[in-house]
Amino acid sequence: MATPRPRIRAVPLRTLLLILLVPLIYSVSRLHSWAPEKGMCLPPPAAPKRPDRLVLGPAAGQGRPDRLQCQGLKALNDIVISSEGDYSGERVSFVTVFTTYSSVSAGDSKVPSDTVTVGNHSYSKIERSMAILNTFISFIKVSMPRSNVIILTDPDSKFSLNQGSAMLLPIEGNYSRGNLMLQRIKSYIAFLEKQLVESDRLEGFNHFVLSDSDIAIVDDLGHIFKKYPHCHLALTFRNNKGQPLNSGFVAVRGTRDGIHKAVGFFKQVLEAYSLKYMKASRMLGDQLALAWVVKSHLPSALRKFSKHEAFTGEVNGASVLFLPCAFYNWTPPEGAGQFHGMPLDVKVVHFKGSRKRLMLEAWNFYNSTSKLSDMLCLILRSGRTKYDF
């Protein structure tokens with residue numbers, strides 16, 4: 001006789017729904033208990049943490065004979081850097097505009113995001129600005145030891161230098177952050193006009209390189225004035241449709257005629273800035289004005305900006321030499337994008353934007369090796385990383 005099957009009781013539908021909904025109700029109640037009160041703002045999502053040290057990547061441009069080749073941090077083909085015997089003989093002074101800004105509040109200096117550590121040194125905002133300025137001067141001492149540095153600054157700025165080759169020259173003006181690029185043009189004009197007044201009593205003359213302070217001079221630049229004796233000033237260009245000219249490097253011939261033509265040029269740029277680009281970002285107005293002046297007088301220059309070859313042209317009576325940024329204003333890459341390495345005859349490295357920390361790292365590395373070519377390998381391999389500086 002077959003064993004009778006046990007009878008399975010049917011679970012009531014209401015009980016089944018309750019079993020399924022209890023875990024969901026519990027989760028929602030926990031979520032509700034952690035919900036912010038009405039009017040309370042949720043904290044912003046945390047920004048991705050940037051590295052606090054150099055992260056080395058592959059060196060771009062490997063295999064190309066016209067690019068720096070690196071094995072680790074050792075240069076396999078030396079950058080063409082002038083030796084002491086190759087000195088051009090031209091007297092060149094570097095001129096930069098620099099000021100300092102106080103922290104927003106007294107307690108800000110203790111906030112971790114307000115400090116950065118490079119090697120064995122930790123810097124506050126003001127301290128790291130000063131470190132960049134001192135590094136700028138130090139690179140000039142290495143590559144162009146006969147040159148001096150003139151720092152145009154706000155008379156109210158409170159900082160001092162311990163570098164014997166540098167001097168402060170206060171010039172009245174509005175050096176606020178939002179007005180700094182406009183003020184820089186005004187300070188350049190005031191400085192050059194001062195040179196015109198003093199030129200009669202000075203023996204010989206100095207050429208001038210007007211530049212940002214976040215650049216490293218890695219070769220003698222006197223050859224610019226020797227090789228192109230008829231040019232009044234020099235600008236650096238790149239293949240960038242919106243901003244083809246970089247205002248961080250302008251060379252001025254130190255003759256009366258050269259300085260006079262440079263003053264007239266800068267006054268045109270100042271006028272264009274004041275009339276057309278006052279609403280531009282505080283770091284772009286001068287470059288837009290610079291490009292507008294050049295395009296207005298020399299439209300043929302636009303066709304040549306895509307090439308990496310120097311050329312000359314006349315802009316409102318001034319003979320202007322256009323030098324490729326690839327050699328005279330080379331910027332390490334940042335983030336993604338096509339990049340073909342470092343040219344062998346690079347003269348100037350520009351650590352603009354978030355690359356400034358890399359400038360300090362590069363100087364520390366040079367101090368430990370005394371080899372500019374190896375230091376450039378460090379820059380080449382580190383240039384793709386963004387730093388919070």
Side-chain angles (χ1 to χ4, degrees), residues 54 59-61 66-70 73-90 92-96 131-149 163 165-166 207-227 234 236 238 246 248-251 308 310 323-334 339-352 355-383:
L54 289 181
D66 60 339
R67 295 294 189 266
L68 177 65
Q69 305 297 302
C70 301
L73 296 179
K74 177 70 176 175
L76 301 180
N77 53 345
D78 283 342
I79 290 282
V80 183
I81 295 174
S82 302
S83 64
E84 189 71 14
D86 296 328
Y87 179 66
S88 66
E90 301 294 319
V92 181
S93 293
F94 288 83
V95 182
T96 190
I132 291 294
L133 179 64
N134 281 302
T135 302
F136 164 69
I137 299 169
S138 297
F139 271 118
I140 292 171
K141 284 183 176 180
V142 170
S143 301
M144 299 183 67
R146 294 176 176 86
S147 295
N148 62 328
V149 180
Q163 303 252 23
S165 60
H207 304 300
F208 301 103
V209 172
L210 316 178
S211 77
D212 291 345
S213 59
D214 55 359
I215 68 171
I217 306 298
V218 296
D219 200 1
D220 172 44
L221 299 179
H223 71 276
I224 295 174
F225 305 98
K226 196 170 186 176
K227 186 176 180 179
T236 55
R238 58 198 173 189
N246 185 277
F249 182 99
V250 181
H308 296 309
L323 298 169
C325 282
F327 307 116
Y328 292 91
N329 205 336
W330 186 84
T331 300
E334 183 182 58
F339 179 57
H340 300 296
M342 181 185 292
L344 284 176
D345 49 356
V346 67
K347 312 294 182 187
V348 178
V349 179
H350 193 167
F351 298 90
K352 61 185 181 180
R355 304 166 182 85
K356 290 178 178 59
R357 174 175 177 160
L358 179 56
M359 183 177 181
L360 299 184
E361 298 273 11
W363 176 250
N364 287 347
F365 183 78
Y366 171 76
N367 275 336
S368 67
T369 63
S370 298
K371 294 183 179 179
L372 283 172
S373 294
D374 291 352
M375 179 205 72
L376 293 174
C377 278
L378 175 77
I379 295 171
L380 181 62
R381 295 193 59 194
S382 306

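Residue numbers start at 1 and run along the sequence shown.
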Please say which of Val92, Ile137, Val349, Ile140 ends up in a side-chain contact (heavy atoms from CB on, under 4.5 Å) with Ile217.
Ile140
Ring pair (Phe, Tyr, Trp, His ring centres under 6.0 Å) against His207, all qualifying residues, sequence neighbours excluded:
Phe205, Phe225
What are the two closest heavy atoms between Leu378 and Ala362, and how far apart are they?
CD2-CA, 3.9 Å
Nearest heavy atoms of Ala326 and Val346, plus distance in Å
O-CG2, 4.2 Å
Please check: side-chain N/O of Arg67 versus main-chain N/O of His340, any donor-acceptor pairing under 3.5 Å?
yes
To the nearest 0.5 Å, what is the distance between CG (Asn134) and OG (Ser213)?
10.5 Å
Please name all residues satisfying side-chain contact (heavy atoms from CB on, under 4.5 Å) with Lys371, sequence neighbours left out, ordered by chain then number.
Lys74, Thr369, Asp374
List the steps and the verdict of side chain to side chain contact (heavy atoms under 4.5 Å, CB included) for Asn77 and Leu68.
CA-CA 6 Å; Asn77 53 345; Leu68 177 65; 3.8 Å; yes
Hey, what do you get for OG (Ser373) to CE (Met342), rounding to the nearest 0.5 Å?
9.5 Å
Closest contact, heavy atoms only, Gly341 versus Trp330
O-NE1, 3.7 Å
With sequence neighbours left out, write down each residue that passes ring pair (Phe, Tyr, Trp, His ring centres under 6.0 Å) with Phe249, or none if nothing qualifies.
none
Gap separating the CG atom of Asn367 from the CE atom of Met375, nearest 0.5 angstrom:
10.5 Å
Rounded to the nearest 0.5 Å, how far apart are CZ of Arg238 and CG of Asn246?
4.5 Å
Would you check, one step at a time, whether the test side chain to side chain contact (heavy atoms under 4.5 Å, CB included) holds for Ile379 with Phe365?
CA-CA 10 Å; Ile379 295 171; Phe365 183 78; over 6 Å; no
If we check side-chain contact (heavy atoms from CB on, under 4.5 Å) with Phe327, which of these qualifies: Leu344, Val348, Asp219, Asp345?
Asp345
Are the side chain of Gln69 and the backbone N or O of Gly61 linked by a donor-acceptor pair below 3.5 Å?
yes
Among all residues two or more places apart in sequence or in another chain, which pass the side-chain hydrogen bond (donor to acceptor under 3.5 Å, both in side chains) test with Asp214?
His350, Lys356
All ring pair (Phe, Tyr, Trp, His ring centres under 6.0 Å) counterparts of Phe94, not counting sequence neighbours:
none
Contacts of Tyr366 that satisfy ring pair (Phe, Tyr, Trp, His ring centres under 6.0 Å) - sequence neighbours left out
Trp363
Results of disulfide (SG to SG under 2.5 Å) for Cys325 - residues two or more places apart only
none
Could you tell me the separation between the OG1 atom of Thr96 and the CG atom of Asp212, rounded to the nearest 0.5 Å?
6.5 Å
Atom NZ in Lys352, atom CD1 in Ile215: separation rounded to 0.5 Å?
12.5 Å
Where Pro145 and Val142 come nearest, the two heavy atoms and their spacing:
CD-O, 4.0 Å
Compare every heavy atom of Leu372 with every heavy atom of Ser143, then report the nearest pair and how far apart it is.
OG-CD1, 4.2 Å
List the residues meeting side-chain hydrogen bond (donor to acceptor under 3.5 Å, both in side chains) with Thr236, not counting sequence neighbours, and say none if there are none.
Asn329
Residues two or more places apart in sequence or in another chain: which of them pass side-chain contact (heavy atoms from CB on, under 4.5 Å) with Ala310?
Tyr228, Leu321, Leu323, Pro324
I need the minimum non-hydrogen distance between His223 and Tyr328, along with the two atoms involved.
NE2-OH, 2.8 Å
Non-neighbouring partners of Ser93 that pass side-chain hydrogen bond (donor to acceptor under 3.5 Å, both in side chains), sequence neighbours left out:
Asn148
